[in-house]
Amino acid sequence: MGVSRPDLTVTIGDWLLANPIMTASGTFGYGAEFADFVDLNRLGAIVVKGISHKPRIGNPPPRIVETACGMLNAIGLENPGIEKFLTDKLPQLKKYTCGIVVNILGDSLEEYGMLAERLNVAEIAAIEVNISCPNVKKGGVAFGTDAKMIYDVTKCVREKSNKPVIIKLSPNVTDITAMALAAEEGGASAVSLINTILGMAIDIRTRRPKLANKVGGLSGPAVKPIALRMVWQVAQRVKVPVIGIGGINTVEDVVEFLLAGATAIQIGTANLTNPHVAEELVVGLEKYLLENEIASVKSVINGLLT
Amino acid sequence: MGVSRPDLTVTIGDWLLANPIMTASGTFGYGAEFADFVDLNRLGAIVVKGISHKPRIGNPPPRIVETACGMLNAIGLENPGIEKFLTDKLPQLKKYTCGIVVNILGDSLEEYGMLAERLNVAEIAAIEVNISCPNVKKGGVAFGTDAKMIYDVTKCVREKSNKPVIIKLSPNVTDITAMALAAEEGGASAVSLINTILGMAIDIRTRRPKLANKVGGLSGPAVKPIALRMVWQVAQRVKVPVIGIGGINTVEDVVEFLLAGATAIQIGTANLTNPHVAEELVVGLEKYLLENEIASVKSVINGLLT
Amino acid sequence: MTSCGKAKYQLQGEIKKISCQDDICMMVIDVPEICRGAKAGQFVMVKAAEEKNNDPLLRRPFSIHRVSEGLLTIIFKVVGRGTKNLANMKVSRLVDVVGPLGNGFQIFKEQRHYLVGGGMGIAPMHYLAESIIKQNPRSEVVALLGARTAKELEVFGHINALPYLLVKISTDDGTAGHHGLVIDLLTQSVAERGAGTVYCCGPWPMMKAIAMYCHDNKMSCQVSLETIMACGIGACLGCAVSGSAVTGDGYLHVCQDGPVFEAGKIWV
Amino acid sequence: MTSCGKAKYQLQGEIKKISCQDDICMMVIDVPEICRGAKAGQFVMVKAAEEKNNDPLLRRPFSIHRVSEGLLTIIFKVVGRGTKNLANMKVSRLVDVVGPLGNGFQIFKEQRHYLVGGGMGIAPMHYLAESIIKQNPRSEVVALLGARTAKELEVFGHINALPYLLVKISTDDGTAGHHGLVIDLLTQSVAERGAGTVYCCGPWPMMKAIAMYCHDNKMSCQVSLETIMACGIGACLGCAVSGSAVTGDGYLHVCQDGPVFEAGKIWV
Ligand SMILES: Cc1cc2nc3c(=O)[nH]c(=O)nc-3n(C[C@H](O)[C@H](O)[C@H](O)COP(=O)(O)OP(=O)(O)OC[C@H]3O[C@@H](n4cnc5c(N)ncnc54)[C@H](O)[C@@H]3O)c2cc1C
Ligand SMILES: Cc1cc2nc3c(=O)[nH]c(=O)nc-3n(C[C@H](O)[C@H](O)[C@H](O)COP(=O)(O)OP(=O)(O)OC[C@H]3O[C@@H](n4cnc5c(N)ncnc54)[C@H](O)[C@@H]3O)c2cc1C
Ligand SMILES: Cc1cc2nc3c(=O)[nH]c(=O)nc-3n(C[C@H](O)[C@H](O)[C@H](O)COP(=O)(O)O)c2cc1C
Ligand SMILES: Cc1cc2nc3c(=O)[nH]c(=O)nc-3n(C[C@H](O)[C@H](O)[C@H](O)COP(=O)(O)O)c2cc1C
Ligand code: FES
Ligand code: FES
């Protein structure tokens with residue numbers, strides 16, 4: 001029995017995505033940067049670069065280093081701030097039909113809450129809460145590695161927002177499932193993981209760290225096995241949808257994350273190394289389902305046999 | 001000013017190593033396997049495959065999977081047991097002048113203590129305590145991710161052993177420095193890190209994990225930035241020597257770990273992919289010191305400028 | 001590295017010849033020290049990444065197809081990233097080779113020898129045939145080679161050219177030789193010529209079937225196994241396979257205890 | 001990808017020519033769409049790993065040296081793994097190229113133009129000279145090229161062949177042209193011929209010195225900067241550099257705001 005056109009749609013809470021392929025925050029700019037490489041309307045959703053209350057200039061250079069099958073980044077969450085985003089960036093995105101997810105970060109519960117409230121605007125499909133970026137001295141790490149704080153942030157954002165709330169988890173923890181459960185308890189509509197893993201590189205000539213920030217976040221194919229393991233562990237414990245992130249480059253990678261229990265996935269570093277990858281993977285996933293005569297992507301999700 | 005022959009010696013407790021290059025447990029067999037590729041007498045020390053009280057047959061196959069710039073392993077600590085090791089394996093090692101370190105693992109404090117006691121024999125330079133192998137259901141993980149248990153294991157082994165005791169830390173924790181401090185408090189002569197990072201890979205054709213054990217330990221160049229960051233964090237907090245492990249392949253890698261604060265380093269996966277790498281790096285490190293007119297490797301250790 | 005008294009070597013060997021037909025390639029590498037001690041059934045581990053690149057990380061194991069005048073020949077099928085990289089390598093560049101590894105076939109002083117190869121499992125049979133003929137000049141050596149289709153056998157054409165070797169082939173699709181399985185060739189040959197000792201390499205189900213047949217017919221049988229390998233030298237214990245009852249409850253390690261096993265060690 | 005109305009492309013381009021002298025290589029790639037819109041001073045990002053291999057992960061940025069009939073020429077020095085892999089690539093294989101990227105040099109309607117290149121910073125000057133001459137047929141265009149030693153200049157020999165272009169060279173070791181720095185050539189030329197507008201690419205200290213000289217002598221100056229880049233298209237914000245007071249307290253992004261900047265934006 002062949003299938004005509006496979007069903008790629010997935011749902012996160014009451015949000016229906018055309019397909020499970022999203023782009024990861026900080027690796028896809030504000031979307032427009034990729035308009036020449038990707039038909040944005042083909043994507044399930046775009047997650048924009050993390051936004052804070054006030055503008056942030058980010059970390060001094062150097063901000064990136066290449067590592068084996070990966071890269072370290074210490075951008076420092078450079079962003080124009082919520083108001084400039086709403087006035088300058090968001091309007092550019094209106095013309096696209098794909099879901100727009102805004103990634104937010106704060107130094108305090110109040111900032112998170114205020115950002116969530118400010119983003120209750122029609123064009124936005126969901127918000128993703130970055131409690132895990134390892135690059136900022138205040139906030140970031142502390143929130144992401146403490147279950148109680150994750151619960152509090154989630155609860156606060158949940159109360160202020162009328163959108164699906166995605167909590168983005170940090171992998172720099174002993175037990176990722178405890179963090180996911182805290183987010184679920186706090187009212188998260190979904191959890192996304194993983195953010196980058198804290199790493200370091202040293203220039204032996206200067207004897208200094210290669211990053212001005214000393215340490216940075218590791219991403220890319222190198223982290224995929226760790227991300228996949230965490231997604232699998234979390235998917236077995238929480239009822240809310242899980243969004244898989246980490247080293248995704250190919251259709252095989254996408255299918256692995258879906259099988260492990262991810263309802264959707266995000267492409268990060270691969271956007272930087274292969275700018276048309278996001279569209280490639282939407283097309284490739286549809287092809288995979290067709291060739292394997294799978295009528296709906298939903299029957300791949302959580303399909304791991306153990 | 002040129003230097004005649006650089007001083008490569010380092011000390012761990014009162015143990016003097018000819019140079020800081022060791023081989024990592026489980027990647028160098030019991031030494032003899034590499035006799036055709038490496039002049040074992042050139043190495044600072046050999047750390048043998050992990051030994052338990054009773055023999056272990058290990059995990060069912062498949063036990064290894066290649067990943068991007070790394071590999072997952074779930075060997076399951078296959079080993080002949082302490083008695084067979086002492087009668088069959090150790091004698092073969094006697095003829096070599098390099099230090100012999102025995103890596104031990106147990107399911108209980110008692111087993112660790114008993115192993116430590118049994119290894120109070122002349123040929124052995126030090127023991128390394130594996131509290132971090134993620135592959136064994138009992139023991140392993142629990143010990144390695146709980147500061148209190150690390151303290152207890154260290155204290156128990158310290159009391160039973162008359163050798164330098166190296167505690168090998170697991171990277172699968174939120175705060176590696178807390179684990180290192182617990183080991184130091186318990187009386188560790190040194191800490192070594194990192195062991196493998198828990199990961200997973202899925203075969204999309206069979207929809208099953210690629211490893212029979214489902215999850216396995218990630219190692220190789222992919223993990224180097226994470227390992228280097230953890231070594232740097234730990235070296236700033238503990239007074240005992242730190243032994244750096246994780247993705248070391250080249251002389252540059254060795255120097256990075258030394259600069260980050262490692263007194264010695266261990267080569268793991270690289271032995272499998274490049275069997276003569278251990279000797280290569282001893283020669284290469286000496287060459288590096290000569291070319292940079294550095295009289296003693298000790299002046300590289302902890303030399304990071306920040 | 002110096003060559004005195006070693007069993008295994010890690011060498012940078014120059015590629016003297018490489019040719020691919022569709023997805024099957026033959027590569028000839030200049031590694032005299034490895035060739036010197038090589039036995040039929042042993043294998044080599046070849047680095048499949050550009051120098052200083054870490055991906056793909058692990059070496060790839062390949063059977064020794066042939067050794068002559070210090071030149072090692074391997075024959076491989078392109079199935080993934082590593083073999084694809086190897087297939088793209090050009091003559092005169094260096095490849096990093098470790099070998100010879102594992103235990104080869106044990107050659108018995110027998111009257112009749114059946115060499116049974118399936119698919120890429122035919123690779124070790126050329127050197128094996130040469131070795132058997134050298135050691136047992138007066139014995140009868142029969143090669144039974146099976147493949148999916150005729151194309152897969154082309155690269156092994158030169159095996160027919162070996163003197164004193166009788167070659168029979170089978171293909172699943174009947175495009176060459178017997179239309180059917182290689183085991184048919186064996187039963188048929190044994191019926192015609194009588195029992196002999198069997199050396200076998202190929203897909204798992206095929207080897208198991210051959211092993212069972214030999215067991216039932218009281219013929220000695222050696223099989224050459226494949227498993228994923230990290231080191232190939234007995235250090236990582238990654239290449240475990242469970243053996244038959246006779247081998248006890250532990251695991252066998254293909255790179256060290258094998259890759260060639262007495263069939264009884266694996267089945268029945 | 002279709003080519004309608006796009007500014008940037010990601011293409012699999014065939015290598016038409018590659019030649020290396022010591023550690024300096026010239027590569028010609030067939031990427032018509034990228035060539036069509038390319039401006040002098042823009043750059044491309046080239047994948048430096050085998051297809052499907054993840055290491056080295058990041059693309060490598062290279063200035064557009066020349067475009068003609070849909071063929072893109074880059075000139076690069078082998079300094080690490082990526083450029084080594086590129087140097088090993090053979091004619092007729094495909095490379096993955098993204099471009100044209102960044103903002104090129106702004107070509108002023110001026111009477112006199114000084115093109116100042118140092119080391120590999122000479123690479124963009126060929127296409128720049130062609131462009132200036134095309135747009136200002138009657139103006140005076142002077143290329144001042146500096147390098148450590150004569151060998152480094154060989155690969156740029158064809159620049160001398162450009163019509164209407166006056167070329168002067170300097171080497172640190174005196175093996176060719178003026179024995180000294182390229183800035184000497186500029187001061188000297190300005191003394192002889194008078195002020196002009198300056199376009200500069202090379203090592204940071206050299207560009208800074210040129211910029212200062214231009215500032216003091218009220219000459220307009222554009223500089224082309226290098227930073228580590230991950231995406232080259234303004235997405236990762238990894239290529240930040242701090243600008244001069246006039247640019248405020250934020251950072252500039254070389255791949256998007258540059259790589260060519262009005263010197264005052266970087267150094268007052
Ligand atoms: C002792 C031995 C001898 C062999 N001899 C030959 C030969 O002569 N000719 C030939 O074509 N093939 C031979 N093989 C199989 C060959 O090693 C694999 O086809 C090859 O490793 C695939 O690598 P890849 O990167 O193309 O595939 P990938 O799928 O990308 O490889 C991924 C990982 O799986 C491993 N792997 C994949 N398939 C196999 C397999 N069948 N056996 C073992 N490991 C595998 C790879 O080594 C690598 O570590 C032999 C295998 C062994 C163990
Ligand atoms: C806009 C721009 C234009 C350039 N044009 C040229 C050119 O025409 N010819 C030429 O020879 N070189 C040029 N470079 C420099 C060139 O990109 C580097 O030499 C090259 O990336 C080194 O790669 P590698 O793998 O050999 O070195 P590695 O040291 O292995 O590279 C490691 C990482 O550092 C980055 N990196 C290393 N050196 C530089 C550098 N100088 N600038 C930016 N990133 C670097 C690499 O891209 C990679 O991400 C240009 C750089 C930029 C930013
Ligand atoms: C350059 C860069 C910038 C990033 N910025 C952000 C960010 O602003 N907010 C966030 O939540 N994650 C950020 N991330 C993390 C990614 O969204 C993603 O979680 C991580 O890179 C792992 O996925 P990957 O391996 O596919 O890149 C950034 C990653 C990179 C490489
Ligand atoms: C195949 C394999 C087996 C291992 N077995 C052990 C072991 O028995 N005991 C132990 O403490 N660590 C073991 N390790 C972990 C290594 O000693 C080392 O800590 C880890 O691989 C990181 O270093 P690397 O990236 O250089 O390999 C093993 C690693 C591998 C790859
Ligand atoms: S492959 Fe490492 S022990 Fe066999
Ligand atoms: S390199 Fe990514 S923004 Fe400039």
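Proteins get letters first, then strands, A, B, ... in listed order; numbering begins at 1 in each. What's counted below: heavy atoms across the whole structure, side chains too, no hydrogens, waters or symmetry copies.
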- [ ] Give a yes or no on whether the backbone of Val260(C) and the side-chain of Gln222(C) come within a donor-acceptor separation of less than 3.5 Å.
- [x] no
Open item on the list: Treating Asn85(C) as the side-chain partner and Ala48(C) as the backbone partner, does any N or O pair qualify as donor plus acceptor under 3.5 Å?
Closed with: yes
Task: Partner chain B: residue of His253(C), Met45(C), Met229(C) with the largest heavy-atom pair count (under 4.5 Å) - done: His253(C)
Open item on the list: Using modelled atom types and a 3.5 Å cut-off, is there a donor and acceptor pairing between side-chain atoms of Asp36(B) and backbone atoms of Lys8(C)?
Closed with: yes
- [ ] Mind ranking Gly220(B), Pro55(B), Pro60(B), Gly31(B) by heavy-atom pairs under 4.5 Å with chain C and telling me who comes out on top?
- [x] Pro60(B)
TODO: Work out which heavy atom in Val91(C) is nearest to a heavy atom in Lys16(C); give both atom names and the distance.
DONE: CG1-O, 3.9 Å
- [ ] Anything under 30° is parallel, anything over 60° is perpendicular, the rest tilted; go ahead and classify Tyr30(B) against Phe85(B).
- [x] tilted
Task: Option that, when pairs with chain C are counted at under 4.5 Å, heavy atom only, ranks first among Gly58(B), Gly26(B), Pro275(B) - done: Pro275(B)
Task: Distance-only side-chain donor-acceptor flag, Ser170(B) / Asn195(B), under 3.5 Å - done: no
Open item on the list: Any salt bridge linking Lys49(B) with Glu78(B)? Criterion: basic side-chain nitrogen under 4.0 Å from a carboxylate oxygen.
Closed with: no
- [ ] Check step by step if salt bridge (charged side-chain N to carboxylate O under 4.0 Å, His left out) holds for Glu280(B) and Arg42(B).
- [x] CA-CA 10 Å; Glu280(B) 235 172 57; Arg42(B) 293 297 307 274; over 6 Å; no
TODO: Could you tell me whether the side chains of His276(B) and Gln10(C) share a donor-acceptor contact shorter than 3.5 Å?
DONE: yes
Task: Part of residues 239-246 of chain C lying next to chain B, heavy-atom separation under 4.5 Å - done: Ala240(C), Val241(C)
- [ ] For Cys20(C) and Cys25(C), run disulfide (SG to SG under 2.5 Å): C-alpha distance rounded to whole Å, both residues' side-chain angles, the deciding distance at 0.1 Å, then the answer.
- [x] CA-CA 4 Å; Cys20(C) 299; Cys25(C) 302; 2.2 Å; yes
- [ ] Considering only heavy atoms, give the residues of residues 264-274 of chain B separated from chain C by less than 4.5 Å, sorted numerically, with 'none' for an empty result.
- [x] Thr269(B), Leu272(B), Thr273(B), Asn274(B)
TODO: Taking only Lys NZ, Arg NE, NH1 and NH2, and the carboxylate oxygens of Asp or Glu, determine whether Asp55(C) and Arg81(C) approach each other closer than 4.0 Å.
DONE: yes
Task: Pair Asp22(C) + Lys77(C): basic N to acidic O under 4.0 Å - done: no
Open item on the list: One thing to verify: whether Lys287(B) and Glu291(B) come together as a salt bridge, which I'm taking to mean a side-chain N less than 4.0 angstrom from a carboxylate O.
Closed with: yes
TODO: Identify whether the distance between the nearest side-chain nitrogen and carboxylate oxygen of Lys6(C) and Glu33(C) falls below 4.0 Å.
DONE: no
TODO: With a 4.5 Å heavy-atom cut-off (strictly below), which parts of residues 56-71 of chain C touch chain B? List them by number.
DONE: Pro56(C), Leu57(C), Leu58(C), Arg59(C), Arg60(C)
Task: Options Pro61(B), Pro221(B), Cys69(B), ranked by heavy-atom pairs under 4.5 Å with chain C, top entry - done: Cys69(B)
Task: Max heavy-atom pair count under 4.5 Å with chain C, selected residue of Ala32(B), Ala222(B), Gly70(B) - done: Gly70(B)
Task: Partner residues of Thr250(B) under the side chain to side chain donor-acceptor pair (under 3.5 Å) criterion, sequence neighbours left out - done: Glu252(B), Asp253(B)
